[in-house]
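Just so it is clear, the model here is predicted, and its values are computed rather than measured.
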Amino acid sequence: MLRIGSVVLGVSDVPRAAAFWMEALGYVPRDEMEDDWVVLVPAEGPGPQLSLGFSETPVQEHPRVHLDLYAGDAADQSAEVERLLSLGARRVDWDLYPDDPDFVVLADPDGNRFCVIDTSRGADG
């Protein structure tokens, strides 16, 4: 049976993206970082790998695939959003928010969209 080994993001600047995601998630490079590729893994314990590969493909305004980052509750979500913004993320003017959303849409320094989820409202993956 197959299993997911790594989530891969295309980025225009691998070292910059790696610096952001390492700080955001507490990850470290699995092997020596290359100019166009790196695989990041949790610094402690198991967890999904995040691979960053150089790409010249433009960022999608409404991506078909994105990361959901889980926060414990609304206060944790708010604190994490502010922390990620301080690391270089930016808010996305998301036109598809439902009424009373449990998520906030951000973009990493390369423009890749991701969500920060308030899991106290029922998100379970």
Side-chain angles (χ1 to χ4, degrees):
M1 181 60 67
L2 294 173
R3 63 182 177 86
I4 295 173
S6 190
V7 175
V8 181
L9 289 180
V11 299
S12 60
D13 184 328
V14 172
R16 178 186 66 196
F20 173 81
W21 286 109
M22 287 188 300
E23 190 69 25
L25 300 175
Y27 275 39
V28 296
R30 183 185 67 191
D31 302 306
E32 188 172 335
M33 188 180 330
E34 299 174 23
D35 291 339
D36 62 351
W37 180 256
V38 66
V39 177
L40 303 177
V41 297
E44 298 182 21
Q49 295 184 146
L50 179 63
S51 300
L52 307 170
F54 176 75
S55 175
E56 294 179 346
T57 303
V59 173
Q60 294 176 317
E61 184 175 342
H62 295 101
R64 293 179 62 160
V65 176
H66 67 274
L67 299 177
D68 280 352
L69 306 181
Y70 284 6
D73 58 23
D76 188 32
Q77 177 190 45
S78 179
E80 286 297 334
V81 165
E82 292 306 313
R83 184 179 72 84
L84 293 164
L85 291 171
S86 77
L87 296 175
R90 65 175 175 77
R91 291 185 183 273
V92 173
D93 186 18
W94 192 248
D95 59 347
L96 301 176
Y97 275 120
D99 291 336
D100 194 28
D102 64 351
F103 63 96
V104 175
V105 180
L106 300 177
D108 71 8
D110 280 274
N112 293 305
R113 272 70 167 155
F114 63 96
C115 295
V116 180
I117 312 293
D118 171 0
T119 60
S120 71
R121 296 178 51 188
D124 61 6

Which pair of heavy atoms, one from [X] and one from [Y], lies closest together, and at what distance?
| X | Y | answer |
| --- | --- | --- |
| Gly72 | Asp76 | N-OD2, 2.6 Å |
| Ala17 | Val11 | CB-CG1, 3.7 Å |
| Gly45 | Pro42 | O-CB, 3.5 Å |
| Phe114 | Ala107 | CE2-C, 3.6 Å |
| Ser12 | Phe54 | O-CE1, 3.4 Å |
| Pro101 | Pro98 | CD-O, 3.3 Å |

Between [X] and [Y], is there a donor-acceptor pair closer than 3.5 Å when you use the side chain of the first and the backbone of the second?
| X | Y | result |
| --- | --- | --- |
| Asp118 | Asp102 | no |
| Ser55 | Thr57 | yes |
| Arg90 | Pro109 | no |
| Thr119 | Ala71 | yes |

So if you build clusters from Ile, Leu, Val, Met, Phe, Trp, Tyr with side-chain heavy-atom gaps below 4.5 Å, do [X] and [Y] land together?
| X | Y | answer |
| --- | --- | --- |
| Ile117 | Val7 | yes |
| Val105 | Leu25 | yes |
| Val92 | Trp21 | yes |

Item to complete: Given side chain to side chain contact (heavy atoms under 4.5 Å, CB included), test Leu9 with Leu50 step by step and report yes or no.
Response: CA-CA 8 Å; Leu9 289 180; Leu50 179 63; 4.1 Å; yes
Quick check for you: to the nearest 0.5 Å, what is the distance between [X] atom [atom1] and [Y] atom [atom2]?
| X | Y | atom1 | atom2 | answer |
| --- | --- | --- | --- | --- |
| Leu52 | Phe20 | CG | CZ | 11.0 Å |
| Arg121 | Phe103 | CZ | CZ | 10.0 Å |
| Leu87 | Glu82 | CG | CD | 11.5 Å |
| Asp31 | Leu40 | CG | CG | 10.5 Å |
| Leu96 | Glu61 | CG | CD | 8.5 Å |
| Asn112 | Leu67 | CG | CG | 8.0 Å |

Discussion item. Any carboxylate oxygen within less than 4.0 angstrom of a Lys/Arg side-chain nitrogen, looking at Glu23 and Arg16?
Written reply: no
Worksheet entry | Tyr27 vs Val39, side chain to side chain contact (heavy atoms under 4.5 Å, CB included): CA-CA, chis, key distance, verdict | CA-CA 10 Å; Tyr27 275 39; Val39 177; over 6 Å; no
Worksheet item: Can you name the side chain to side chain donor-acceptor pair (under 3.5 Å) partners of Gln77, sequence neighbours left out?
Response: none
Practice prompt. Identify which one of Val116, Val104, Asp108 satisfies the side-chain contact (heavy atoms from CB on, under 4.5 Å) criterion when paired with Leu84.
Written response: Val116
Fill in: Any side-chain heavy-atom pair of Leu106 and Arg91 under 4.5 Å
yes
Worksheet item: Within a radius of less than 6.0 Å around CG of Asp95, do more than 12 heavy atoms belonging to other residues, nucleotides or ligands occur?
Response: yes
Fill in: Trace of the side chain to side chain contact (heavy atoms under 4.5 Å, CB included) decision for Val28 with Val41
CA-CA 6 Å; Val28 296; Val41 297; 4.0 Å; yes
